[in-house]
Peer 1: 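Have a look at this one.
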Number of protein chains: 2
Amino acid sequence: MADNSIESLDLERAPERLGDAAYREMKERIIRGVYRPGHKLTVRAIAQDLEVSTTPARDAINRLTSEGALVYAGPKTVVVPVLDAAALREITLTRLALEGLASEQAAQHGAPADVEELKSLQKLINSALDDKRYTDALWHNKEFHFTIYRLSGLPQLVSMIESLWLRIGPSLHNLYPEFAEEKYGVRNHEIAMEALAERDAASLRAAMENDIRDGYRRLKRANLERDAGRSS
Amino acid sequence: MADNSIESLDLERAPERLGDAAYREMKERIIRGVYRPGHKLTVRAIAQDLEVSTTPARDAINRLTSEGALVYAGPKTVVVPVLDAAALREITLTRLALEGLASEQAAQHGAPADVEELKSLQKLINSALDDKRYTDALWHNKEFHFTIYRLSGLPQLVSMIESLWLRIGPSLHNLYPEFAEEKYGVRNHEIAMEALAERDAASLRAAMENDIRDGYRRLKRANLERDAGRSS
DNA sequence: GCGAGAATTTTGTTGCAACAAAATTGCGAA
DNA sequence: TTCGCAATTTTGTTGCAACAAAATTCTCGC
């Protein structure tokens, strides 16, 4: 047996598989709202879209399914999930726990340069909202959050949070444009930036939690309206 | 297009794929300590072990890898992870957040029958420890925790917690038998059962968090000793 | 029109062979 | 012995065909 004294020194040694690329592309499409809730996905269609064979396409779909980003709507039918009230609540509770933790930890590592980056991201969000480019606003909003979470220095935690965003992402797209009217989240983001500058963990956590709760309320309201509209 | 007014009514519709069975079997083997940290896994070997072809075996390994239960030690080398101090800390922080949340929610749904089930699980743990059947003790301990977590009524949360246990599981096996000397966790479990009977969410959470922290301290100590022993 | 059921098409899974690339082994020089 | 390097073996990925099963379409009777 070889001497493997390095052991835990080998980080980020994942090779670049075709299936990984397919997975990443699918992920981005889901977050960007290309596939809306209820959209049915088939292996062969994805393979054609991404110009790969069925194997990597199937890999990507399976991975997304096991993460909860896609769900079975039948034995041979995989769709982008339509979140019901219970699922929405569960994801929100989990987000509060995980993103709250990440925020707290991030407060301990925030440098001035990070605050600057957040500021410029916030500008991007604002101007996207002004121009009614809602998909862009959502994207920059995601970057804002994850810029903070990455500061936690806890990469596995960050990727768990990512999988939660993958689950709510599609529903968010169904919310716009009403969602944006009130300049969603701006106030919370401002408080978050201040808190990070002051390395105030509790305040940063509170600001991020408020942001999550705000979004939750809007999503819930939108869902109720949709369900009411459907039964008529 | 068909009328799909059922939408979110379709739960648990996953078909039984061969790859799923392979995944579950691998998961159990990892938790039970069949594969120890550092163990190298190959597609063809797993396929032979589980008596399936390479495709389902590969599916299982990929899924486990994307969950973090297995890691790359090289471009073509997948191993059961050897946790370093940083990874151990990160998992513990995440466990505290997620298992704390699950405990809190569980407190609201605990029925007398559930407390009884926990009591009988605790007896199994105790007798396993007395007989020095450490693998069994670990297994029943896992059941104890998840019996509580499942009471939360948040299935997605529970499966996220499962994936965390998959990550620390192998390391736990390297801990025994010293690990068990002090009747690990018994006191915390007793408090947890009382708290559940009284539907005291804060106490239940505290008890479970203490249990997690206890385990963390032991793991950290064992890791330090191992590392010290290796450099000599 | 409309629903039930058959006929047809589409779909996911599985096993496998080929290939490139990585891991391992073997060997020889210092 | 130990180190470097080449030969060899092992390995993961990929594409694909076959198959069973599910989804869809079509048809016919009412």
Side-chain angles (χ1 to χ4, degrees), chain A residues 1-7 9-26 35 38-67 69-82, chain B residues 1-7 9-26 35 38-67 69-82:
Chain A
M1 182 171 303
D3 171 10
N4 62 341
S5 60
I6 41 157
E7 283 202 347
L9 288 183
D10 38 28
L11 299 173
E12 312 297 333
R13 298 270 251 112
E16 178 59 12
R17 297 169 300 185
L18 251 180
D20 292 334
Y23 167 74
R24 260 180 313 152
E25 176 63 26
M26 293 287 298
Y35 304 125
H39 189 109
K40 181 181 167 182
L41 302 175
T42 66
V43 170
R44 287 169 176 85
I46 297 300
Q48 203 159 30
D49 278 10
L50 306 188
E51 293 176 314
V52 293
S53 86
T54 60
T55 307
R58 180 174 168 274
D59 282 353
I61 291 180
N62 278 342
R63 188 161 165 191
L64 258 354
T65 303
S66 81
E67 268 186 79
L70 301 175
V71 300
Y72 283 95
K76 284 195 175 180
T77 318
V78 172
V79 300
V80 179
V82 180
Chain B
M1 183 172 304
D3 171 12
N4 62 342
S5 61
I6 41 157
E7 282 200 350
L9 288 183
D10 39 28
L11 298 173
E12 313 295 336
R13 297 273 249 109
E16 178 58 12
R17 298 169 299 185
L18 250 181
D20 292 336
Y23 167 74
R24 260 181 314 156
E25 176 62 26
M26 293 286 297
Y35 303 126
H39 189 110
K40 181 179 167 183
L41 301 176
T42 67
V43 171
R44 286 168 176 89
I46 297 299
Q48 204 160 29
D49 277 11
L50 306 187
E51 293 178 313
V52 293
S53 85
T54 60
T55 307
R58 179 173 168 273
D59 281 353
I61 290 179
N62 278 343
R63 189 161 165 191
L64 258 356
T65 304
S66 82
E67 268 186 78
L70 300 176
V71 299
Y72 283 96
K76 284 196 175 178
T77 318
V78 172
V79 300
V80 179
V82 179

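Proteins come first, then strands; the chains are lettered A, B, ... in the order of their sequence lines, and each starts at number 1.
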Peer 1: Are the side chains of A/T77 and A/K40 in contact, using a 4.5 Å heavy-atom criterion?
Peer 2: yes
Peer 1: If you assign each of A/T42 and B/T77 to its closest nucleotide in DNA chain C, which residue comes earlier from the 5' end?
Peer 2: A/T42
Peer 1: Quick one: what's the B/S/- string for nucleotides 14-19 of chain D, heavy-atom cutoff under 4.0 Å, read 5' to 3'?
Peer 2: BBB-B-
Peer 1: Would you mind reading off the distance between B/N62 atom CG and C/dT13 atom P, rounded to a whole angstrom?
Peer 2: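 From B/N62 CG to C/dT13 P: 14 Å.
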Peer 1: Using atom CG of A/L41 as one end and atom P of C/dT13 as the other, report the distance to the nearest whole Å.
Peer 2: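 One finds 13 Å between P of C/dT13 and CG of A/L41, rounded.
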Peer 1: Answer whether the closest heavy-atom distance between the side chains of B/T42 and B/K76 falls below 4.5 Å.
Peer 2: no
Peer 1: Rounded to the nearest angstrom, tell me the gap between atom CD in B/Q48 and atom C1' in D/dT10.
Peer 2: 13 Å
Peer 1: Does the side chain of A/L70 reach to within under 4.5 Å of the side chain of A/V80, using non-hydrogen atoms?
Peer 2: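 When only atoms from C-beta onward are counted, A/V80 and A/L70 do touch, with a gap below 4.5 Å.
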Peer 1: At less than 4.0 Å, is any side-chain N or O atom of A/K40 found next to OP1 or OP2 of D/dA22? Yes or no.
Peer 2: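 So the side chain of A/K40 is outside the cut-off, no N or O lying under 4.0 Å from OP1 or OP2 of D/dA22.
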Peer 1: Do the non-hydrogen side-chain atoms of A/V78 and A/Y72 ever get within less than 4.5 Å of each other?
Peer 2: yes
Peer 1: For a 4.5 angstrom cut-off between non-hydrogen side-chain atoms, does A/Y23 reach A/R17?
Peer 2: no
Peer 1: To the nearest Å, give me how far apart NZ (B/K76) and P (D/dT9) are.
Peer 2: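 About 16 Å, once rounded to whole Å.
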Peer 1: How far does CD of A/E16 sit from CG of A/L18, to the nearest 0.5 angstrom?
Peer 2: 8.0 Å
